[in-house]
Peer 1: 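Handing you a structure now.
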Protein chains: 2
Amino acid sequence: MPKPTFYNLPEEKRNLIFRHALEEFARFPYERASLSAIVNRADIAKGSMYQYFTGKKDLYVYLIQEVYARKREFLQPVWEQKEKVDFFELASLYYKRSWHFARQYPLHHRVTVNFWDSKDAALREEILRKKEIRISEFSEMLELGLLSGVVSPDINKEAVWFVYHAVAKALVDNFLDPNINAESHEAYINSVLTVLERGLRPRKE
Amino acid sequence: MPKPTFYNLPEEKRNLIFRHALEEFARFPYERASLSAIVNRADIAKGSMYQYFTGKKDLYVYLIQEVYARKREFLQPVWEQKEKVDFFELASLYYKRSWHFARQYPLHHRVTVNFWDSKDAALREEILRKKEIRISEFSEMLELGLLSGVVSPDINKEAVWFVYHAVAKALVDNFLDPNINAESHEAYINSVLTVLERGLRPRKE
DNA sequence: CAACAATGTGACCGGGTGGTCACATGGGAG
DNA sequence: CTCCCATGTGACCACCCGGTCACATTGTTG
């Protein structure tokens, strides 16, 4: 919730602020990111920033909101396949497309990773609780998998969640790695998801 | 490498410093932890601290070293089973005992988690490169599993590593959760490891 | 007791932060 | 041309940080 003043700004200036906030919060997690650095680099007076936002947190919430809006938009095509493919294929599509998002909008991606890594869980909770942001459809996806029986229902459901989330998060974090081979990365994502699907122990089937 | 002065201190005072450093670095990751807070709470002059350690980093490295020494000691009994049980059972023993460590020494545990979560990868690298600390035997464990054929060798080995690490890290992070049911937690760890072992997709075997 | 080295001390430094405020600027409306 | 209100500004505030240093205190040794 930026102040009304912010929306009165010409689009160009709003973008200027957004861009520099994005850069700063991509470089550092919330606590270490510097508002002073943002205003300096954007060549804006500190005071002006406080005409647009009530403070650092307000700016951050706005940024997170925008970033996730963009990501949702980007992942839209994947959700349209929801009824057509099974859980594992959907997951594959989801992470491959997420990876493309990370490549295309690396700063956006870093912001999301920093958001989840933030040790200030209270802040994250506060942002999520406002429901202004719907972060992810993980839940929905896995729920579908369980319902359809593609995901084994006879083991501790909570544990299934746990493992799925752990792998998913690590996968997304991993997108940051700069020296990933572009051509093979989709294949790599598939390999990881296969391990998740089939388990470490060899199957006799 | 604390200065010699530190080791000349009476044990009681060394412990005092250790305890308060432990508390601070358990509460916050390296960058946000405050040396001033430590000396204030320990009721020691700032200058004194600089008689014992060359600076904040020096104190931190010392602390990490001590914490991991304690943890290794605690996990010793598990490694003695190395030849007797298979990979999955060893992993189960390892994480259950790690959980007990986390319960018994919650501050130590938080310090280790903060250590790995630190965004200052350079610092972590520096500490690890000194080899003064050997953090974990994950590698060794998984290698054994692969060799013995208990862990499937016919899927991308790198991906196996990836999934294993992701789940292991999440499992350890999870120990922090305050409202875990003590009685059922060992069972929960087993459930998670079972999912890791058998995969999400149901087996026909 | 004197001498001397080791250790303890906290005011102080430079530099950073998020946030404030009295004032300058600018662009319609009358 | 003037008035007025929205907006722009940057010096400034209080507070924190890690680190330093001149000096006080202590303890052992001759």
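Below, read A as the first sequence line, B as the second, and so on, with proteins coming before strands; counting in each chain starts at 1.
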Peer 1: Over all strands shown, is Ala33(A) touching base, sugar-phosphate only, or nothing at heavy-atom distances under 4.0 angstrom?
Peer 2: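 Answer is sugar-phosphate: Ala33(A) comes under 4.0 Å of backbone atoms only.
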
Peer 1: To the nearest Å, how far apart are Met49(A) CE and dT7(D) P?
Peer 2: 16 Å

Peer 1: Might you confirm whether atom CD of Glu12(B) has over 12 heavy atoms from other residues, nucleotides or ligands at distances under 6.0 Å?
Peer 2: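 No, CD of Glu12(B) has 12 or fewer neighbouring heavy atoms, counting only those of other groups under 6.0 Å.
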
Peer 1: Can you pull out how bent the helix from dC1(C)-dG30(D) to dG30(C)-dC1(D) is, comparing the axes over its first five and last five pairs, to 10°?
Peer 2: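 The end-segment axes of the helix from dC1(C)-dG30(D) to dG30(C)-dC1(D) are tilted 30° relative to each other.
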
Peer 1: Who are the side-chain hydrogen bond (donor to acceptor under 3.5 Å, both in side chains) partners of Glu197(B), not counting sequence neighbours?
Peer 2: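 Glu197(B) satisfies side-chain hydrogen bond (donor to acceptor under 3.5 Å, both in side chains) with Arg201(A) only.
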
Peer 1: Closer than 4.0 Å, any side-chain N/O of Ser34(A) to the OP1 or OP2 of dG18(C)?
Peer 2: yes

Peer 1: Could you tell me which residues satisfy ring pair (Phe, Tyr, Trp, His ring centres under 6.0 Å) with Tyr50(B), sequence neighbours excluded, listed by chain and number?
Peer 2: none

Peer 1: If you count heavy atoms of other groups shown closer than 6.0 angstrom to CZ of Arg14(B), is the number above 12?
Peer 2: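 Buried by this count: over 12 neighbours within 6.0 Å.
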
Peer 1: Rounded off to whole Å, could you give me the CD1-to-P distance for the Ile44(A) and dG19(C) pair?
Peer 2: 16 Å

Peer 1: What is the distance, rounded to the nearest whole Å, between atom CD of Glu24(A) and atom C1' of dG18(C)?
Peer 2: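 Going from Glu24(A) (CD) to dG18(C) (C1'), I get 13 Å.
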
Peer 1: Do Tyr60(B) and Phe53(B) make the cut of ring centroids closer than 6.0 angstrom?
Peer 2: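 For Tyr60(B) and Phe53(B), the ring centres are not under 6.0 Å apart.
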
Peer 1: What about Lys46(B): does its side chain form a donor-acceptor pair under 3.5 Å with the base of dG19(D)?
Peer 2: yes

Peer 1: Apply ring pair (Phe, Tyr, Trp, His ring centres under 6.0 Å) to His20(B) and list each qualifying residue two or more places apart in sequence or on a separate chain.
Peer 2: none

Peer 1: How long is the line joining CZ of Phe53(A) and C1' of dT7(D), in whole Å?
Peer 2: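 To the nearest whole Å, that distance equals 15 Å.
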
Peer 1: Send over the distance from Leu35(B) CG to dT9(C) C1', rounded to a whole Å.
Peer 2: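 After rounding, the gap between these two atoms is 15 Å.
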
Peer 1: So, Glu143(A) and Lys157(A), do they make that salt bridge, N to O below 4.0 Å?
Peer 2: yes

Peer 1: Taking only N/O atoms, report every protein-nucleotides 5-8 of chain C pair under 3.5 Å with atom names and distance.
Peer 2:
unit_1: dT7(C); atom_1: OP1; unit_2: Asn8(B); atom_2: ND2; d: 2.9
unit_1: dG8(C); atom_1: OP1; unit_2: Lys13(B); atom_2: NZ; d: 3.4
unit_1: dG8(C); atom_1: OP1; unit_2: Tyr52(B); atom_2: OH; d: 3.4
unit_1: dG8(C); atom_1: OP2; unit_2: Tyr52(B); atom_2: OH; d: 2.8
unit_1: dG8(C); atom_1: N7; unit_2: Gln51(B); atom_2: NE2; d: 2.9

Peer 1: Sequence neighbours excluded, which residues qualify as salt bridge (Lys or Arg N to Asp or Glu O under 4.0 Å) partners of Arg19(B)?
Peer 2: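 Testing Arg19(B) for salt bridge (Lys or Arg N to Asp or Glu O under 4.0 Å), a comparison that skips the adjacent residues, returns none.
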
Peer 1: Leu59(A) CG to dT17(C) P: how many Å, rounded?
Peer 2: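 Those two atoms, CG and P, are 15 Å apart.
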
Peer 1: Rounding to an integer number of Å, can you tell me how far Asn40(A) CG sits from dG15(C) P?
Peer 2: 16 Å

Peer 1: Might you point out which heavy atoms bring Tyr105(A) and Arg70(A) nearest each other, and give the distance in Å?
Peer 2: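 Reported closest heavy-atom pair: OH-NH1, 3.4 Å.
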
Peer 1: Can you tell me if the side-chain N/O atoms of Ser36(B) get under 4.0 Å from OP1 or OP2 in dC16(D)?
Peer 2: no

Peer 1: Could you tell me the separation between the CG atom of Leu123(B) and the C1' atom of dG18(D), rounded to a whole number of Å?
Peer 2: 15 Å

